[in-house]
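To start, the structure under review is shown below, and the notes come after it.
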2 protein chains.
Amino acid sequence: MTGRMKEGSGSGTAAKGSRKAARPGGRSARVQESVHRAVRELIGERGRDGLTVPLVAARAGVTPSTVYRRWGDLQELLSDVAVERLRPEGAPEDHGSLRADFGAWAEQFLEEMASAAGRAYIRDALAGDPDGGNAGQCSAYAAEQVRILLGRAAGRGETVPELEEAMDVVVAPIMYRILFRPGAETAVGEEQAGPAGAAGSGAGADYARRLVERLLPG
Amino acid sequence: MTGRMKEGSGSGTAAKGSRKAARPGGRSARVQESVHRAVRELIGERGRDGLTVPLVAARAGVTPSTVYRRWGDLQELLSDVAVERLRPEGAPEDHGSLRADFGAWAEQFLEEMASAAGRAYIRDALAGDPDGGNAGQCSAYAAEQVRILLGRAAGRGETVPELEEAMDVVVAPIMYRILFRPGAETAVGEEQAGPAGAAGSGAGADYARRLVERLLPG
DNA sequence: ACCACTGACGCAAAGATTTCGCGTTAAGGT
DNA sequence: ACCTTAACGCGAAATCTTTGCGTCAGTGGT
């Protein structure tokens, strides 16, 4: 990961309240922040397995029943934390053209999402998510980034595809391969790749670039 | 659902051994079949929530420790059952042309996967799947169906796209929308749909057809 | 056909997690 | 400042999960 996603433990100052916003005031916000931080720390120390509600609660300085009442179970709590960490940090870089912008973004997106940590967060986000709200948030994050890319290109006078089409052609295949085809995040059913690694450094960089070229005419 | 996926409780005669095939002989096979059937029955009776390992074990006529030892936890068991139910029943129908074949298949695929039951099974399959083996099996099922479509069209002399490209352009967007964009399985970023429901009956039928047309030239 | 070997199961106790009722605290509004 | 009520802490009860040990049944060899 190069920096699109949150890395450090708790960089933000204010709680976000991704779940129930019924009473987002002082104490509830403190508890949520404390529990989220406990989860992040314990994941770093003991891994996602070996994580239990009583353990998280103890680290956070609350009682287990508080966690159960707010989040229901460990899965939903992990889902909340995962979504928070899958949120992009800033706007995608500007490389002068839609092809370069989108290519670089897709490359980075694939690399981060396909990493062991990224895949774990994606699966956590999906797993404890009855109504699909957290998964929708993840998709909204990516769509927002792509919308910025397209809007920027349109401002340059370039002809740009629809956002929906861009999500279908570039983002969806990346996520599909990560989730359903472990170990196949590279390779695309087209011509042989360039001599060896055209621009990107990672393994699936070529794949990401080729998805972007499938979207853009020319 | 019209019949691509398994519907009834236990139609097959022999156990399949989707997990450990260490000792697939008589008793182990009976236990696996019995536990799987118990899960299917209880899901039908009490829903996926309110399902516990002791409950399943009691229905299956085994002790909870047996379930824990074979599957680890409820999630992995549900993942196994989900993959079994996501397996296609037979070969896709023949409509005379790749466009018609693929369109009809995609339409049916979307309808089944986007249903409440289909989505639940997909999420279960992904959730309890440490190594991604079950998810890979789901993808392999779909890929096999598409491979049949493409091979049949090639036999007719049609020019056909690569399997990988077909998966990227048609299957991936369908699964992405189901997982990450609840309530947005229809609509595509192109021209307005036909007058009103061209051929398919379901809501997302037009979307599936348009994905196929994005893949096929002409 | 018989026998030894080994993986899988049942049973039951120990341990951990999850649920629930009730009193208390503190946020939000008037 | 006072009232209302969502959210929390505490502790007991219920439920689930793990583990050790004896037994049973498939598997392969003779």
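What you are looking at is a predicted structure, and each value in this text was computed from that prediction instead of being measured. Convention: sequence-line order gives letters A, B, ...; per-chain numbering from 1.
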> Whole-Å distance between C:dT17 C1' and B:D73 CG?
Replying inline: 14 Å

> Got a sec, which residues hit salt bridge (charged side-chain N to carboxylate O under 4.0 Å, His left out) with B:E144, two or more places apart in sequence or on another chain?
Replying inline: B:R147

> Is the backbone N or O of B:G90 less than 3.5 Å from a side-chain atom of B:Q145, with the two atoms forming a donor-acceptor pair by type?
Replying inline: yes

> Out of curiosity, A:M175 CE to A:F180 CZ, how far, rounded to the nearest 0.5 Å?
Replying inline: 10.5 Å

All N/O contacts under 3.5 Å from nucleotides 19-23 of chain C to the protein, with atom names and distances to one decimal?
from, atom 1, to, atom 2, distance (Å)
C:dG21, O6, A:R69, NH2, 2.8

> Of all the nucleotides listed (C:dC9, D:dC8, D:dG26), which has the minimum atom distance to the side chain of B:R30?
Replying inline: D:dG26

> Is it true that the NZ or CZ of B:R209 lies under 6.0 Å from the centre of B:F102's six-membered ring and within 45 degrees of the ring axis?
Replying inline: no

>> Which residues in residues 43-60 of chain A have a heavy atom closer than 4.0 Å to any atom of DNA chain D?
In response: none

> By side-chain hydrogen bond (donor to acceptor under 3.5 Å, both in side chains), which residues pair with A:D94, not counting sequence neighbours?
Replying inline: A:R156

> OP1 or OP2 of C:dC9 less than 4.0 angstrom from a side-chain nitrogen or oxygen of B:T66, does that happen here?
Replying inline: no

>> Could you tell me how far apart A:Q32 (CD) and D:dC8 (C1') are, to the nearest whole angstrom?
In response: 15 Å

> Who pairs with A:R123 by side-chain hydrogen bond (donor to acceptor under 3.5 Å, both in side chains), at least two apart in sequence or on another chain?
Replying inline: none

> Taking only residues two or more places apart in sequence, or in another chain, which ones meet B:R48 in a salt bridge (charged side-chain N to carboxylate O under 4.0 Å, His left out)?
Replying inline: B:D124

> Atom CZ of B:R27 to atom C1' of C:dA8: distance rounded to whole Å?
Replying inline: 5 Å

>> Distance alone, cut at 3.5 Å: any donor-acceptor contact between the side chains of A:R70 and A:Q32?
In response: yes

